[in-house]
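See below for the structure under consideration.
Just so we're on the same page: letters track the sequence lines, and every chain starts at 1. Side chains are part of it too, since the values below use all heavy atoms of this structure and drop only hydrogens, waters and symmetry mates.
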Amino acid sequence: MALTALEIYKLLPKTNCKDCGFPTCLAFAMQLAGGKEKIEKCEHASEEAKQTLGAASAPPLPKVLVGTGDRTVTLGDEVVLFRHEKTFYHPTAIAVSVSDALSEETLRERVRGISALSFERVGQALSVDLVAVRCESGDPARFAAAAASALATGGKPLLLVGPCAVLEAAVGVAGTSRPLLCPPPEETGNGARLAASGKLPLVVRARGIEGLAKALAIARTAGATDLVADPMSADALQAVADSVFIRRLAITHRAREIAYPTAFDLGQGFPQPFAAACLLVSKYGSLLVLDTADPAEIFPILTLRQNLFTDPQRPIQVEPGIYPIGKVTPSSPVLVTTNFSLTYFTVRSDVESAKTPAYLLIAECDGMSVLTAWAAGKFTAESIARILTESGIAEQVGHRTLILPGMVARLSGKIEELAPWRVLVGPQESSALPSYLRRLPPAAFAAAHG
Amino acid sequence: MTIPSAARCYPGRILSVTLPAAPGGTPVTVGGQNALPLVPEGDRPHRAAVGMEVGTGVCEPPPSLARAVENREKDPVSFAKACVEEWGAQFLFLSLSGCHPDGGGQTVSLGARILREVLTAVPCPVIVGGCGEEEIDAKLFPAVAEAAPRPVFLSYADEKNYRLVGGAAMAYGHGVVSWSPIDINMAKQINLLLSDIGVPAGRILIDPLTGGLGYGLEYTFSIVERIRLAGLGGDGMLALPVLCHLGDAWKAREAVEVSEPSWGDVVVRGRRWEEATGWACLAAGADLLVCRHPENVAAFRGMAWR
């Protein structure tokens, strides 16, 4: 169990020597309790303190790395059950499968298709993380060639699914890329020895949580250390129940024997794979294998993952600047709001539904909403006047009329003093924008004269 | 080796709430569980319920959705019948959006008449939504509360209008959907205010505001989880069923854009966009979903809920 700041404080020298950089031992203890500092910063801590704290601060869910270099995929290493308690750190990894029974050219085409599953949203690139190579040929040489080809064509880390004999052949050609090995459940021991000899990560498969705990013990005994647990759930609801229980056992019960990242194979006839993928992205799945490479299905799954793995303490921000909405003209209205992504998207979608083309100016506000940014002194008459002059909006429109969020109506006078713009106070709520915009007289945005 | 059970016990239990039906229809009861969603713990007497949204006035669904509903959304009464009889909706959310000046500017009495016609045409439970324009809704809610020949739920009561909506509901025996903008404190506050004016807790549903996939869904996800954990933790004012509208999913450009071939077929993508929104809401703890795509009603109802 994690230690409280007071429990940690009792283990420290209590001399307030400040050598760690904090004013008191208690202040340092609070940092340790929050996981923000390491005990090594205290040169005077006893061995006992270091050991106790080291064990307590070991992550409740171990980290498993797959692949190498900047494509490395991190599984596990989470500390909470609910994202509002802190955040989730390592997004559910998505693997899309290819079969080694495909012809060489078809296989390459399929891998290129998987690589093309890349989407940009809110300034982030969303893509599939791994290529899963399934052995359907039973032929070690063919499987090894397929693995080598998938690696060369896609450049993504590999999940190798097949019996140990073919995995061994593939490790021979692709082992340095640190693939994740996935032998069948009856070959856990051999698979673990293969993984141990190549220092590779391994998926341990067994039905149910009890069975999985036994299989994981076999793999550990055989020397494998980087383990991922697949409870071989039969359907979406079983999968999500297994996923929740394994995560709870890891985080709440600290049951080390089952505390591993989880994998779910949602291909090969798994019922309702799309539903299962959405539920497992929502509820703790560490790695999902899908047979579909349809962008119409992968895009929503990756977007859901992006949403839920956003740090709730640090909202996604939108780049400050000018955002034209619809077919804008020099007489289109100009609105201003903050760069909090939810604010931006809400205002944007309300302006879109007004069907009035408009310019949306986004001010730099550290990702805060209008009222919060105003209260924090980030969304001020000065910052709005600055964006009016620096963004270049004056060159894009002929008028000088700005629509200000109703929540900060009080800024209007000061803005008019600071910039040669007239300010109209818009609605308090973004949802009222459609009717507000439609009722604005076009004369409000006629070209400014003189 | 013995693995401890990860099933948990909670001091609280979500209140059962029944959405009444007419004779010949099936009432919908949700809540009643002392468990988190999707896990085998505690007991869960009722499944999540799946309804569909019926609009009035100007309805302009995106083309792929219009095709899925066979362009029948223009006539609310026959659309309501299709939702229930053909597509399997267990309840309807009748949005009187047509009473909004931008939605067709229908009169309050026309709105009330459409409600009466829908209630006569289908026996299933109905939640009636206002048009969103404060002044019009102030007349609309009392009018529909009086006009409804059987109990419905009025959606929604917020910080400003809870007296009006709660009062109208109490006078005619209706239920209330309490709305708050992704804010657990406000959600509790509205429920307290409704209780203070005498609305029984067993006739309140929580609408936490549902952001569509990619557009704030994560805020809804976390607020629904927090509301549910608080309710199971014993906070009676939050131990109520949660209703999520999936309609916002269709406002996402990604759900409806046709000119992005690398995003895949818009017909599949739009439906999946709404479906993904719904699964996330269910995983967080939603008890009622309001869909717009008929196939998603089937997807959510077809899950082999245990």
Side-chain angles (χ1 to χ4, degrees), chain A residues 82-84 116-119 121-122 209-210 212-214 217 235-238 240-241 244-249 252-253 255 257-258 271-272 274-275 277-279 281-283 294-301 303-304 306-310 312 341-342 345-346 349 352-354 431 434-435 438, chain B residues 1-8 36-40 100-102 132-133 182 211-219 221-223 225-226 229 248-249 251-255 261-273 275-280 282-284 299-300 302-306:
Chain A
F82 298 97
R83 60 190 291 282
H84 63 257
L117 294 170
S118 182
F119 314 92
R121 290 197 75 255
V122 238
I209 289 176
E210 289 280 339
L212 200 46
K214 290 195 187 87
D235 58 34
L237 285 173
Q238 185 62 50
V240 75
V244 171
F245 276 10
I246 292 172
R247 184 61 58 90
R248 277 188 192 171
L249 288 165
T252 312
H253 302 260
E257 56 273 49
I258 190 74
Q272 293 173 288
F274 182 84
C278 293
L279 291 172
V281 166
S282 303
K283 284 289 163 192
D294 180 354
E297 299 200 310
I298 300 290
F299 192 14
I301 293 170
T303 304
L304 179 60
Q306 179 190 37
N307 276 177
L308 298 182
F309 285 83
T310 300
S341 69
L342 195 58
F345 284 126
T346 312
S349 104
E352 277 170 353
S353 61
S431 57
S435 47
R438 270 176 265 170
Chain B
M1 128 182 35
T2 319
I3 300 291
S5 168
R8 288 173 57 179
L36 281 182
L38 306 168
V39 288
H100 195 283
D102 298 336
E133 168 74 45
I182 313 194
L213 177 60
Y215 294 84
L217 176 59
E218 69 271 36
Y219 299 93
F221 185 86
S222 285
I223 222 69
E225 286 197 326
R226 289 176 61 197
L229 286 167
D248 240 33
K251 291 186 189 160
R253 178 173 168 252
E254 294 90 332
S262 69
W263 291 358
D265 183 356
V266 70
V267 173
V268 179
R269 184 172 5 108
R271 170 163 96 78
R272 292 302 199 191
W273 210 263
E275 190 186 345
T277 308
W279 290 122
L282 288 171
F300 297 128
M303 181 59 79
W305 300 108
R306 285 184 274 263

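Nearest approach of Arg83(A) to Ser222(B), heavy atoms of both residues: NH1-OG, 2.6 Å. Summarising the geometry of Met303(B) relative to Ala236(A), their closest heavy-atom pair is CE-CB, 3.8 Å, with the distance given to 0.1 Å. Looking at every heavy atom in both residues, Pro300(A) comes nearest to Ala276(B) through CB-CB, 4.3 Å. For Pro40(B) against Ala241(A), the heavy-atom pair with the smallest separation is CD-CB, 3.5 Å. For the residue pair Cys278(A) and Trp279(B), the shortest heavy atom distance occurs at CB-CB, 3.6 Å.
Options Leu229(B), Leu36(B), Ile223(B), Thr277(B) differ in how many heavy-atom pairs under 4.5 Å they form with chain A, and the most are formed by Leu229(B). Each of Ala277(A), Ser341(A), Ala275(A) has some count of heavy-atom pairs under 4.5 Å with chain B, and the biggest count is that of Ala275(A). For the set Ala7(B), Pro101(B), Ala252(B), the count of heavy-atom pairs under 4.5 angstrom toward chain A peaks at Ala7(B). Chain A forms the most heavy-atom pairs under 4.5 Å with one residue out of Ser262(B), Gly270(B), Gly278(B), and that residue is Ser262(B). Among Ala283(B), Pro4(B), Gly214(B), Ala284(B), the residue with the largest count of heavy-atom pairs under 4.5 Å with chain A is Gly214(B). For chain A, the option among Gly264(B), Gly211(B), Gly132(B) with the highest count of heavy-atom pairs below 4.5 Å is Gly264(B). Interface remark: of the candidates Asp265(B), Asp102(B), Asp248(B), Val39(B), Asp102(B) forms the most heavy-atom pairs closer than 4.5 Å to chain A. With respect to chain B, the highest number of heavy-atom pairs below 4.5 Å among His84(A), Arg438(A), Gln306(A) belongs to His84(A).
Neither the backbone nor the side chain of Arg247(A) comes within less than 4.5 Å of any heavy atom of chain B.
Expressed to the nearest 0.5 Å, how far CD of Glu297(A) lies from CZ of Arg271(B) amounts to 8.0 Å. In this structure, OG on Ser5(B) lies 7.0 Å from NE2 on His253(A), to the nearest 0.5 angstrom. Atom NZ in Lys251(B) sits 9.5 Å away from atom OG1 in Thr346(A) (nearest 0.5 Å). In this structure, the separation between CD on Glu133(B) and OG on Ser431(A) is 10.0 Å, given to the nearest 0.5 Å. Between atom OG1 of residue Thr303(A) and atom CG of residue Leu217(B) there is a gap of 10.5 Å, rounded to the nearest 0.5 Å. Atoms NZ and CD, on Lys283(A) and Glu225(B) in that order, are 4.0 Å from each other to the nearest 0.5 Å.
Remark: Arg272(B) is positioned above the aromatic ring of Phe274(A), its terminal NZ or CZ atom under 6.0 angstrom from the ring centre and at most 45 degrees off the axis.
Comment: Arg121(A) engages Glu254(B) in a salt bridge, judged by a side-chain N to carboxylate O separation of less than 4.0 angstrom.
Between Asn307(A) and Phe221(B), every side-chain heavy-atom pair lies at or beyond the 4.5 Å cut-off. In this structure, the side chains of Arg253(B) and Glu352(A) stay at 4.5 Å or more apart for every pair of heavy atoms.
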Discussion item. Applying side chain to side chain contact (heavy atoms under 4.5 Å, CB included) to Leu279(A) and Leu38(B), what does each step give before you reach the verdict?
Written reply: CA-CA 9 Å; Leu279(A) 291 172; Leu38(B) 306 168; 3.7 Å; yes

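The aromatic rings of Trp263(B) and Phe299(A) sit tilted, their planes meeting at an angle between 30° and 60°.
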